Amino acid sequence: MDTHLTLPGHAWPQMQPGWVWLCGAGPGDPGLLTLHALNALRQADVVIYDALVQEAILDWAPQAERIYAGKRGGKPSAKQRDISLRLVDLARAGKRVLRLKGGDPFVFGRGGEEAQTLVQHGIPIRIIPGISAGIGGLAYAGIPVTHRDVNQSVTFVTGHDQSGNTPGSLDWASISKGSQVIVIYMGMKHIAQIAAALIAAGRSTHEPVAVVTTATTAEQQVLETTLGTITDDIANAGLEPPAIICVGQSVLMRQVLDWQGQAAGQPPRNLDPLGRGRPAELA
Ligand code: SAH
């Protein structure tokens, strides 16, 4: 990869020794990094990265030491403290530390906890937001996370709590009633219970659902299904995490907006999947 892409003229911030920059890497496609992320990758002495960060992104920091801090759902808590303290140690050793996290560091990513630990230890920080999988991953599947004809709000929820169980604290009935579109992170393990809870709360078994795995990467897979059939369909398709699950009518927009399928030669399946009859801007 050419790592010499020139950043446009701008007073780009300099990483100073002893600082930690907590940075979102986006959902996978390196093109979805921000310019601030690229600027940080160029300067870091050490990059400490998660399982969800694509290796190709690290090629933008050939000078940096790489430290893998991966952990996948269910068994995180003990290690989280170690990671935070590792960041403190690296900063105290005078390194320019780039903490690179999948998506956005403050969206279901424990970025807030790490940042808090750093500040509590007197380490100066900078936060670089990233494109979250629940927005950018759906966009790569041709699903607008809000669409005027469908939803005026969207709810982002996690399918796991700290113990790895379905969050008991989540009021699925309220979520179901309050939001036309529900975007679920880390939902694969407990999808049967989540779907049952939404149906029990009044959502139709026919409600469209999309499951987007390894979104924005070359391995991206998209399953279009319904609340009633999602559990079997995920199993039959052999889908594995990481996945974003989107519940709601906006999933139908993929029939017209599957831009990757169209680029591969598949015509749009339906130019007006919501049955508006004419382009929205004329309505
Ligand atoms: N901070 C991240 C989320 C971390 S939680 C963000 O803002 O995107 C981890 C969960 O994010 C995964 O279990 C999955 O639900 C989702 N996720 C992250 N990257 C993904 C990707 N490329 N494709 C699908 N889901 C992804």
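Just so you know, these numbers come straight off a predicted model, no measurement behind them. All ligand and atom numbering here is 1-based and tracks the order in the structure.
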Please confirm whether Val107 comes within less than 3.5 Å of ligand 1 when only nitrogen or oxygen atoms on both sides are compared. yes
When the side chains of residues 10-26 are checked against the rest of the protein, which donor-acceptor pairs come out under 3.5 Å, sequence neighbours left out?
from: Trp12; atom 1: NE1; to: Pro8; atom 2: O; distance (Å): 2.8

Looking at Val212, which atoms of ligand 1 are within less than 4.0 Å of one of its heavy atoms? 24 (C)
Close N or O approach (Ala215, ligand 1; < 3.5 Å): yes
Say whether, by atom type as modelled, one donor and one acceptor occur between the side chain of Asn151 and the main chain of Val145 under 3.5 angstrom. yes
Regarding Gln262 and Asp258, is there a side-chain donor-to-acceptor distance under 3.5 Å anywhere? no
Would Lys95 and Asp89 pass as an ion pair if we require N to O under 4.0 Å? no
Do any N or O atoms from the side chain of Gln220 and from the backbone of Tyr140 form a donor-acceptor pair under 3.5 angstrom? yes
Looking at ligand 1, does any of its N/O atoms fall within less than 3.5 Å of an N/O of Phe108? no
Any nitrogen or oxygen of Ala243, side chain or backbone, less than 3.5 Å from one on ligand 1? yes
Looking at ligand 1, does any of its N/O atoms fall within less than 3.5 Å of an N/O of Ala133? yes
Examine the side chains of Glu114 and Gln80 and answer whether a donor and an acceptor come within less than 3.5 Å of each other. yes
Using a 4.0 Å cutoff against the non-hydrogen atoms of Pro27, which atoms of ligand 1 qualify? 21 (C), 22 (N)
Quick one: does ligand 1 sit under 4.0 Å from the side chain of Pro241, the backbone, both or neither, non-hydrogen atoms only? neither
Short N or O distance, Thr216 and ligand 1, threshold 3.5 Å exclusive: no
Sidechain-backbone polar pair: Thr226 side chain, Thr205 backbone, donor-acceptor under 3.5 Å: yes
Less than 4.0 Å is my threshold; does some heavy atom of Gly102 fall inside it relative to ligand 1? yes
Answer yes or no: is there a donor N or O on one side and an acceptor on the other, between the side chain of Gln63 and the main chain of Ala44, under 3.5 Å? yes
Any donor-acceptor pair under 3.5 Å linking the side chain of Arg99 with the backbone of Ile48? yes
List ligand 1 atoms under 4.0 Å from Leu52, heavy atoms only on the residue side. 9 (C), 18 (C)
Between Thr217 and ligand 1, which part of the residue brings a heavy atom under 4.0 Å of the ligand: side chain, backbone, both or neither? neither
Polar contact flag for Ile184 and ligand 1 (N/O pairs, less than 3.5 Å): no
